[in-house]
Amino acid sequence: MNSRDIVLSRIRRALADVPRDGGPEETHVPRDYWQRHAVRNDAQRIDLLAENLSDYRAVVHRCASTELPVVIGRLLRDRGARRVVAPWAVPDGWLPGDVERVADSAGQSPRDLDAVDSVVTGCAVAVAETGTIVLDAGEDQGRRRISLVPDHHICVVHAPSQVVDSVPQALSRLDPARPQTWISGPSATSDIELDRVEGVHGPRRLDVVISSPGAG
Amino acid sequence: MSGTYLGMPSFPRAAADSTRDMRLRGNLRHATHTIRAKRAQAVEELGDWAELREAGAALKERTLRHLDHYLEQLEAAVTAAGGVVHWAADADDANRIVTELVRETGESEVVKVKSMATQEIGLNEALAKAGISAYETDLAELIVQLGDDLPSHILVPAIHRNRDQIRDIFRKQMGSWGRAAPEGLSDDPAELAEAARLHLREKFLSAKVGISGANFMVAETGTLVVVESEGNGRMCLTLPETLISVVGIEKLVPTWQDLEVFLQTLPRSSTAERMNPYTSTWTGTTDDDGPSAFHLVLLDNGRTDALADTVGRQALRCIRCSACLNVCPVYERAGGHAYGSPYPGPIGAILTPQLRGVQSDLDASLPYASSLCGACYEVCPVAIDIPEVLVHLRERVVEGGTAVVRGQKTKIKPAKGHAAERALMRAARWAFDHPRAMRAGQRLAARGRRFTPRRLPVTAAGKAWSASRDLPRPAPQSFRDWWRHTRRDGGGSDAPRTGKESAE
Ligand code: SF4
């Protein structure tokens, strides 16, 4: 017998007490938990997102979509960023003319990315109740590694359409076949005497720009 | 202490050593109390915590009761998504598979993200024998590895080290593993984290093979989930060309949507956060994004033995949040190392003897590493009735009986007259000689208790024990007789206690 057969037959023997004909449904799963923890309008949901993101030390900015180039430009200048990686669907207009735009490409090595100052992406969905942005490798988000290796990440959230209340709502919007990264604040560790230290391996600075439709 | 669990003394001896270690006790106390308070707050924020707990327990129970079905579903989904699934009946099997896979890549270095399953099987040692260096990349694991030490807590494995010790370890050891610690490194946590960042970045950027565990596997879609804080997980999961994930067969959940329960309960119960900084999900391989080869090694290694025990089975629901450690008065005094396995605290006391069989002194004594105060059960996000399993395992130790060991029905000899008996007596005595530990546990409130133990009035018995400080003597009474007797004397009530919430 190979290991697969061994393990599966051990399992079947171990479960002799379980009625087999009903299938998994024989075990009832009560789902009395809530789909969200409050009823909110768009403004309340966006406020909560901003509040929870800041609580975990992401830096939150809010602007009208027409102001995105100004806000992103300022954030990059403040960091002194010269080389910025952005997936192809990030509009050229978002990046200031004086930074070098680095494409997100298959041939890029991790070392190439390590030499980049900042990354600008969109997101797939943002979760207000937990202060989470989810990237799913969509065309304005790119490969997983580009939001990981550079030390500075600017993530644009389109509100209100991309903002949901809760984790259950986020999951039902997302496609598990796509690789995902759920980000709630910059990376952190509490491993040294439980002192929280931000930014161990991921970007140490996370700017989230919540953009609403229309002019500012 | 050297980096192995083999030859560990039985629980009471190890516990006595660590209770004398004031630094360890101080650190542990600070850690458990800090996390405990924060956690209560994070849990309170969710008005439907009890319902999430109930759903989480039921989902895991459903998965376990139909594990063969879900594993086959998972295998098909992972394979369809470009991954390769391997099955490992035991530790040797798993180590051989992983070693072979690494060899095939021609690499002699791998980067690892914290995984209790790989600690359990001793993968690093197995790889080292094959000439392959495995680099631990979690900050705490790095501290443990550089210090040639063992982890002491699931969540903060280096909690037994103070910052000045960490600085010394970094200064002395980093250079021989790769990039040395910066000149004049201080013991400021931010500086220490920066040193680790620089040291490990070199490894990440050049790594060709990554090894991980997983917090969850979704049967329906073949998706794996890793929940983490530091970002080293993302590095290991996305930068290498080959990814090997070693995952216990019990880590399954049926559907993608089911994650909605655990992605809410795990971070809050574990790090007391609304959400942990990073969660990665992946399904097989993705063209031009992340590793081009993905191997999933499904690990049994005693899990099916636990599955065969209808009382002990519930231990396999565990999502490794470590909440039960932080409320355990015995863990707080004894320290993580005393449990002699990667799984310390209350969960270790019920999981380790089941995974390994209760035949060694250590494993026989583990079910006694508890005052049965019930605090672990109250906090468990998947409602594992740890006291119930402890009592069940004690009974097996004392009275013997049949259990499944490595898939074979095996007669377990009663501990009476064996070395194991002395070990368990010492363990029991250790717990009873620390009445403060027991009282502290009992004062934890029984708030929001939705699941009452099905079989045993644990709380009443616990009260009787601490009042009399009587030893549970295996002879001349059998444990079961003793238990019944105590129950009667203790009033036999299984009504929840009305203790008031207190920090200690
Ligand atoms: S037994 Fe429960 S509380 Fe303890 S680590 Fe496992 S899931 Fe968490």
Side-chain angles (χ1 to χ4, degrees), chain A residues 2-4 6-8 10-15 17-18 23-24 26-34 37 52 56 106 110-111 114 127 129-132 137 143-145 148 167-168 171-172 176-177 179-195 197 199-202, chain B residues 31 34 47-48 51-52 54-55 58-59 61-62 65-69 87-89 93 139-140 156 158 162-163 166 189-190 192-193 197 205 218 221 223 229-232 234-235 238-239 256-257 259-260 263-264 274-275 277-283 286 288-290 300 304 307-308 310 407:
Chain A
N2 61 30
S3 294
R4 181 182 190 277
I6 293 173
V7 175
L8 284 172
R10 281 179 185 172
I11 293 172
R12 288 180 183 126
R13 253 178 305 165
L15 294 173
D17 62 306
V18 178
E26 61 88 35
T27 310
H28 173 64
V29 176
R31 295 190 192 260
D32 302 326
Y33 53 88
W34 308 340
H37 291 85
N52 283 337
Y56 287 153
R111 269 184 210 286
D114 199 34
V127 190
E129 289 182 358
T130 56
T132 305
R143 293 173 176 78
R144 284 170 282 175
R145 63 185 184 210
L148 173 64
V167 170
L171 280 164
S172 55
Q180 293 169 22
T181 310
W182 295 47
I183 301 173
S184 311
S187 77
T189 180
S190 302
D191 276 340
I192 302 167
E193 296 183 16
L194 293 178
D195 271 359
V197 178
V200 192
H201 299 298
Chain B
T34 307
D48 58 342
E51 288 78 9
L52 284 165
E54 203 170 3
L59 276 169
E61 204 58 25
R62 171 182 282 181
R65 288 168 66 90
H66 300 273
L67 195 55
D68 50 337
H69 163 79
W87 299 69
D93 224 8
L139 183 48
V156 276
N162 281 359
R163 59 181 73 185
I166 297 171
L192 293 171
R197 179 184 171 98
L205 295 181
V218 180
T221 59
T223 308
S229 294
E230 297 174 16
N232 60 311
R234 294 180 65 192
M235 294 276 181
T238 51
L239 297 186
W256 170 253
Q257 197 67 37
L259 290 172
E260 69 193 14
L263 289 184
Q264 293 192 81
R274 281 178 211 106
M275 190 61 93
Y278 296 136
T279 297
S280 299
T281 76
W282 74 98
T283 304
T286 306
D288 289 336
D289 184 352
D300 177 354
T304 47
L307 192 69
T310 52

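For chain A, the nearby part of B:D93 is the side chain; its heavy atoms alone come within less than 4.5 Å. Within the 4.5 angstrom heavy-atom criterion, only side-chain atoms of A:T132, from C-beta onward, approach chain B. The parts of B:S229 that come within reach of chain A are both its backbone and its side chain, each placing non-hydrogen atoms under 4.5 angstrom from that chain. Of the two parts of B:D68, the backbone and the side chain both hold a non-hydrogen atom closer than 4.5 Å to a non-hydrogen atom of chain A. Using a 4.5 Å cut-off between heavy atoms, A:R13 touches chain B through its side chain atoms alone. For B:T223, the part sitting under 4.5 Å from any heavy atom of chain A is the side chain, from C-beta outward, and nothing else. For A:I6, the part lying under 4.5 angstrom from a heavy atom of chain B is the side chain only. If you measure heavy-atom distances from B:T281 to chain A, the contacts under 4.5 Å come from both the backbone and the side chain.
Contact tally against chain B (heavy-atom pairs below 4.5 Å) for A:S3, A:G131, A:A177: the top residue is A:S3. Note: A:V18 leads A:V167, A:V127, A:V18 in heavy-atom pairs under 4.5 Å with chain B. The most heavy-atom pairs under 4.5 Å with chain B, out of A:D114, A:D17, A:L148, A:T130, come from A:L148. Most heavy-atom pairs under 4.5 Å with chain B, from the set A:P168, A:P110, A:P179, A:G202: that is A:P168.
Although no hydrogens or angles enter the test, the distance criterion places no donor-acceptor pair under 3.5 Å between the side chain of B:D300 and the main chain of A:V7. Formation of a donor-acceptor pair under 3.5 Å by the B:R62 side chain with backbone atoms of A:P24 is found in this model. Remark: the backbone N or O of B:V218 is not paired with any side-chain donor or acceptor of B:W256 at under 3.5 angstrom. Looking only at distances, no side-chain donor or acceptor of A:R145 sits under 3.5 Å from a matching main-chain atom of B:R234. In this structure, A:S187 contributes its side chain and A:V200 its backbone to a donor-acceptor pair below 3.5 Å. Between the B:E230 side chain and the B:L139 main chain, a donor and an acceptor come within less than 3.5 Å of each other. In this structure, A:R144 contributes its side chain and B:D289 its backbone to a donor-acceptor pair below 3.5 Å.
Scanning all heavy atoms of the two residues, the minimum distance from B:R65 to A:L15 falls at O-CD1, 3.5 Å.
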